[in-house]
There are 2 protein chains.
Amino acid sequence: MSEKKRSLGLPTIRRIPMYYRLLLKLYEEGHSVVSSSFLAEALGLESIVVRKDLANIGIAGKPKIGFDTRESIQTIDTLMNSRDSNEAFLIGVGRLGEALLCYKGFEQLGLHIIAGFDIDPEKIGNRIQGKEVFDVKELPRLAQRMNIQIGVLCVAEEAAQHAADILVEAGIKGIWNFTPSKLNVPSHVVVQREDLAEGLAVLTVKLNQQKQALESPSGNNQHSLI
Amino acid sequence: MSEKKRSLGLPTIRRIPMYYRLLLKLYEEGHSVVSSSFLAEALGLESIVVRKDLANIGIAGKPKIGFDTRESIQTIDTLMNSRDSNEAFLIGVGRLGEALLCYKGFEQLGLHIIAGFDIDPEKIGNRIQGKEVFDVKELPRLAQRMNIQIGVLCVAEEAAQHAADILVEAGIKGIWNFTPSKLNVPSHVVVQREDLAEGLAVLTVKLNQQKQALESPSGNNQHSLI
DNA sequence: TAGATTGTTAATCGATTAACAATC
DNA sequence: TAGATTGTTAATCGATTAACAATC
């Protein structure tokens with residue numbers, strides 16, 4: 001009774017990596033405690049946002065003292081499973097796939113992409129920063145043997161659904177989808193779509209609004225561009 | 001009086017690329033008209049979301065008929081400036097920078113990354129898919145001469161603020177920031193932060209919730225994971 | 001005309017912000 | 001104790017969803 005399961009909101013989840021990286025840095029620098037206003041200032045947020053987020057994540061502070069950095073890091077570790085480490089396979093070793101395979105930032109957050117898979121004989125057998133590229137045919141066997149839970153999908157758009165089917169068949173539970181395709185997968189599989197064009201759209205729309213605001217004669221209630 | 005300036009919400013702006021790509025495909029396939037329910041089905045949305053979004057974007061449909069694909073595409077073109085084409089420079093030609101330099105998906109949306117910049121002599125002078133890598137020292141001169149508005153920031157975290165300063169100094173109006181750093185820039189410069197770890201956090205939290213939901217004895221009101 | 005589809009208005013939901021009480 | 005900081009409760013804001021009117 002009463003576990004209360006604070007269902008975490010999406011905006012809060014998205015801000016977790018920011019908090020995590022900063023907390024880690026502060027901890028390593030020897031700060032055992034930090035205030036919400038300090039975190040807010042460093043991250044460009046309001047302190048009330050930080051307090052609400054941390055509370056929702058399950059991190060409690062002490063009035064007048066602040067938040068224990070070590071404890072906070074551990075709570076996020078548990079939430080994101082980053083101590084156990086999430087192991088992943090990457091499918092589609094094109095330029096983006098290669099970049100993600102090597103990207104350092106994920107390790108810190110507990111995601112270990114341990115191998116790449118492709119159908120191109122030119123790529124199969126290569127090692128990219130110590131990570132081997134295998135034939136896609138090997139994926140199901142290896143995924144099952146190593147109990148891999150996460151697949152990073154970086155194939156061409158046309159191949160997206162097919163590659164997703166392979167991942168699902170191989171027993172993978174979560175797909176990080178870098179193609180713009182909608183994937184059909186069983187309901188027990190979690191799909192996270194990553195569309196770089198989203199950010200691009202935000203940037204260009206804001207730029208155009210900024211430009212129009214500057215061009216237009218002043219005096220109008222030309223209010224806050226988003 | 002009464003231009004009404006429907007200030008576009010962020011969630012709507014983020015969905016624009018999805019609509020745009022699908023509309024383009026439909027138009028090329030010869031469909032001159034499409035219903036909101038068709039778009040919704042193809043994109044995994046509700047039709048009411050599509051209608052609200054299109055209305056906010058400034059696309060009007062005809063009852064009983066649907067939305068004109070060509071007209072819709074043109075309206076988005078205007079909004080995102082994609083006919084004029086947004087030209088950009090990329091700074092920091094590491095693996096991610098290289099991947100972005102070559103990424104095809106941006107062209108379609110009107111972003112043309114026309115050159116890369118780096119400080120590494122090994123990289124300077126290289127061509128990556130026809131795009132030259134210049135010395136960062138050349139950036140201000142070239143940016144001003146070509147009237148470049150957008151900078152794609154892919155340097156290492158430690159160099160982020162310095163690179164941003166260079167971009168601002170060069171007269172760039174919008175920065176697409178792929179580093180996890182918070183940037184200090186003048187208020188007339190728009191910054192769009194792109195943090196791949198955000199999506200990773202969402203994926204892993206959802207996965208853990210899914211896992212717990214499956215493990216826990218049924219019967220509990222183990223409701224919708226997010 | 002009848003039916004399908006858009007567009008509008010209202011209701012709901014969730015996230016952010018504000019005000020202030022609790023507490024080390 | 002007094003002051004600083006967290007935590008809670010309420011208010012506001014914006015996005016999504018629902019119901020239905022308008023219209024080709």
Side-chain angles (χ1 to χ4, degrees), chain A residues 2 4-16 18-19 23 26 31-69 71-72 75 198 201-202 205-206 209 223-226, chain B residues 2 4-16 18-19 23 26 31-69 71-72 75 198 201-202 205-206 209 223-226:
Chain A
S2 89
K4 204 62 223 228
K5 241 337 182 291
R6 286 240 55 356
S7 156
L8 220 41
L10 240 69
T12 300
I13 296 175
R14 289 226 161 80
R15 286 188 288 263
I16 290 177
M18 278 196 323
Y19 295 129
L23 286 165
L26 291 169
H31 298 89
S32 63
V33 119
V34 66
S35 72
S36 61
S37 53
F38 182 94
L39 292 172
E41 168 63 22
L43 298 171
L45 303 171
E46 295 296 320
S47 71
I48 178 68
V49 173
V50 174
R51 288 205 304 281
K52 267 278 157 68
D53 279 345
L54 296 186
N56 287 335
I57 291 168
I59 298 169
K62 292 207 184 74
K64 158 88 180 160
I65 308 286
F67 298 86
D68 186 287
T69 51
E71 224 178 274
S72 304
T75 305
E198 285 184 12
V202 176
V205 170
K206 278 188 188 167
Q209 289 178 340
H223 53 327
S224 65
L225 344 146
I226 292 176
Chain B
S2 90
K4 205 60 221 230
K5 240 341 181 293
R6 284 248 49 0
S7 157
L8 221 40
L10 240 68
T12 299
I13 296 175
R14 290 227 162 79
R15 287 188 288 262
I16 290 177
M18 279 197 321
Y19 295 129
L23 286 164
L26 291 169
H31 297 90
S32 63
V33 121
V34 65
S35 72
S36 60
S37 52
F38 183 94
L39 292 173
E41 168 63 21
L43 298 171
L45 304 171
E46 295 296 319
S47 71
I48 178 69
V49 172
V50 174
R51 288 206 302 281
K52 265 279 156 65
D53 279 345
L54 296 186
N56 288 335
I57 291 168
I59 297 169
K62 293 206 183 76
K64 159 87 181 162
I65 309 284
F67 298 85
D68 186 288
T69 51
E71 226 177 274
S72 304
T75 305
E198 286 185 12
V202 175
V205 170
K206 279 188 188 168
Q209 289 178 340
H223 53 331
S224 65
L225 346 144
I226 295 175

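Naming: A, B, ... by sequence-line order, numbering from 1 per chain.
- Secondary structure note: stems in DNA chain C built from 3 or more consecutive Watson-Crick or G-U wobble pairs under 3.5 Å occupy C:3-24 with D:3-24.
- Between the CD1 atom of Ile65(A) and the C1' atom of dT6(D) there is a distance of 11 Å, given to the nearest Å.
- Nucleotide dA15(C) holds its P atom 15 Å from the CG atom of Leu10(B), rounded to whole Å.
- Here the side chains of Thr75(A) and Leu54(A) are not in contact, with every heavy-atom distance at 4.5 Å or above.
- For Ile59(A) and dT5(D), the CD1 to P distance is 18 Å, given to the nearest whole Å.
- As rounded to whole Å, 11 Å separates atom P of dA15(D) from atom CZ of Arg14(B).
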Residue pair Arg14(A), Val202(B): steps toward the side-chain contact (heavy atoms from CB on, under 4.5 Å) verdict: CA-CA 6 Å; Arg14(A) 289 226 161 80; Val202(B) 175; 4.1 Å; yes
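- Leu39(B) contributes atom CG, which lies 8.0 Å from atom CZ of Phe67(B) (distance to the nearest 0.5 angstrom).
- Proximity note for Pro11(B) (side chain, C-beta onward) versus dA15(D), dT6(C), dG7(C): the nearest is dA15(D).
- Remark: C1' of dT6(C) and CZ of Phe38(B) are 18 Å apart, rounded to the nearest angstrom.
- Within the 4.5 Å cutoff, the side chain of Arg15(A) has heavy atoms near those of the Thr12(A) side chain.
- The CD1 atom of Ile16(A) sits 11.0 Å away from atom CG of Leu23(A), with the distance rounded to the nearest 0.5 Å.
- Side-chain contact between Val50(A) and Tyr19(A) is present, with at least one heavy-atom pair separated by less than 4.5 Å.
- Listed by chain and residue number, nothing satisfies the salt bridge (charged side-chain N to carboxylate O under 4.0 Å, His left out) test with Arg51(A) (two or more places apart in sequence, or in another chain).
- One interatomic measurement links the two molecules: CD1 of Ile13(A) to P of dG14(C), which rounds to 14 Å at whole-angstrom precision.
- Taking atom CG on Asn56(A) and atom C1' on dT6(D), their separation rounds to 14 Å, with Å as the unit.
- Proximity of Met18(B) to Leu45(B): side-chain heavy atoms (C-beta onward) are separated by under 4.5 Å at one or more points.
- Of the residues in residues 39-54 of chain A, those placing a heavy atom less than 4.0 Å from an atom of DNA chain D are Ile48(A), Arg51(A), Lys52(A), in numerical order.
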Phe38(B) and Leu26(B): CA distance, side-chain angles, deciding distance, side-chain contact (heavy atoms from CB on, under 4.5 Å) verdict: CA-CA 11 Å; Phe38(B) 183 94; Leu26(B) 291 169; 3.8 Å; yes
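- Backbone-only engagement by Ser36(B) is indicated by non-hydrogen atom pairs under 4.0 Å involving sugar-phosphate atoms exclusively.
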